[in-house]
Amino acid sequence: MSNRRILIAGNWKMNCLTTDGTALATAIAGKLREASSSNCDVLMAPPFTLLSTIKNALGNSEVLLSAQDCHFEASGAHTGDISPVMLKDIGCDYVILGHSERRTNHGESDELVRQKAELAIEKGLKVIICVGETEGERETGKTLDVVNSQLTGSIPANATADNCVIAYEPVWAIGTGKTATTDDVAEVHKEIRSHLAHIKSQDLADSMRILYGGSVNPSNSKELLSLEDVDGALIGGASLKADDFWTIIGHWI
Ligand code: PGA
């Protein structure tokens with residue numbers, strides 16, 4: 001039994017667009033407060049414009065606040081970009097980096113993800129680094145090679161088990177309702193942990209959290225998160241409904 005604490009992370013993406021999103025945050029924070037103790041960390045990643053509002057709505061709750069991206073430089077001529085210094089200042093605990101939607105839609109490379117992560121950590125944030133294969137890569141048997149290579153290229157040099165979390169998200173499972181089988185998830189998570197030992201150290205590999213993401217929902221979350229090397233979930237769709245998100249969290253209360 002590992003002593004890695006489960007992390008349940010909700011990635012709102014470009015949803016919950018207005019201050020209406022506070023109802024979701026308030027509902028989860030309230031339920032967590034009512035629960036006398038919890039065996040998991042809970043995190044919410046709203047869009048940039050809502051970070052401050054959600055921070056206020058969360059009040060003194062234990063729910064962690066995360067952004068969904070940041071720039072690789074602290075300041076400068078970068079129109080439209082957000083610095084990790086700004087995120088830290090506004091009260092963020094975490095930033096998600098290298099999500100497949102950013103890798104695909106914004107052409108983000110492993111190198112860029114690594115640079116962003118190193119600066120974010122330097123500025124006091126914790127990072128969630130996403131990796132995962134496409135359907136074509138899985139079908140041609142390249143899953144483990146792709147994931148290992150993304151991990152090697154994206155993991156920040158200053159990563160520790162405390163400031164860095166890995167999220168394995170098969171691209172074909174994101175937002176599609178298709179989930180990887182428990183055997184597939186177990187295989188990739190085990191490989192990620194052994195690759196971490198290879199490129200970093202056995203200590204780091206044993207203590208770093210590895211989340212699964214891709215159509216996690218109230219019905220499949222318990223089984224997925226009970227796998228030996230799965231230390232939590234990064235959840236899109238099901239994190240947008242308070243009841244669904246709470247059901248997933250509720251397994252660990
Ligand atoms: P999903 O998204 O749960 O809607 O599949 C997961 C993610 O993209 O982080």
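Only this structure's heavy atoms are used, side chains among them; waters, hydrogens and symmetry mates stay out. Both counts, for ligands and for their atoms, begin at 1 and track the order of listing. These numbers were taken from a predicted model, which means no experiment stands behind them.
Within the 4.0 Å heavy-atom shell around ligand 1 one finds Gly175. Put simply, part of Gly214 is less than 4.0 Å from ligand 1, judged by heavy atoms. Taking a 4.0 Å cut-off on heavy atoms, Ala173 registers as neighbouring ligand 1.
Only side-chain heavy atoms of Asn11 come within less than 4.0 Å of ligand 1; its backbone N, CA, C and O stay farther off. The proximity of Ala167 to ligand 1, defined as any non-hydrogen pair under 4.0 Å, does not occur for either the backbone or the side chain.
Looking at Glu133 and Tyr168, their side chains do bring a donor and an acceptor atom within 3.5 Å of each other. With no hydrogens or angles considered, a side-chain donor-acceptor pair links Glu169 and His99 at under 3.5 Å.
Of all atoms in ligand 1, listed by their number and element, those nearer than 4.0 Å to a heavy atom of His99 are 7 (C), 8 (O), 9 (O). Less than 4.0 angstrom separates some heavy atom of Gly237 from each of these atoms of ligand 1: 1 (P), 3 (O), 4 (O).
By the 4.5 Å heavy-atom criterion applied to side chains, Leu65 and Tyr94 are not counted as neighbours.
Checked by atom type and distance alone, the side chain of Thr22 pairs as donor or acceptor with a backbone atom of Thr19 at under 3.5 Å. Without hydrogens or angle criteria, Asn163 side chain to Thr160 main chain gives a donor-acceptor distance under 3.5 Å. With hydrogens and angles ignored, the 3.5 Å screen pairs a side-chain donor or acceptor of Lys116 with a backbone N or O of Cys70.
Considering backbone and side-chain N/O atoms, Glu101 never comes within less than 3.5 Å of an N/O atom of ligand 1.
For atom 7 (C) of ligand 1, the closest heavy atom belonging to the protein is Glu169 OE2, 3.1 Å.
Between Gly236, Ala45, Ser239, it is Gly236 that holds the heavy atom closest to atom 1 (P) of ligand 1.
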Q: Apply the test salt bridge (charged side-chain N to carboxylate O under 4.0 Å, His left out) to residues Arg4 and Asp206: give CA-CA distance (whole Å), side-chain angles for both, the deciding distance (0.1 Å), then the verdict.
A: CA-CA 9 Å; Arg4 297 182 300 267; Asp206 289 341; 5.7 Å; no
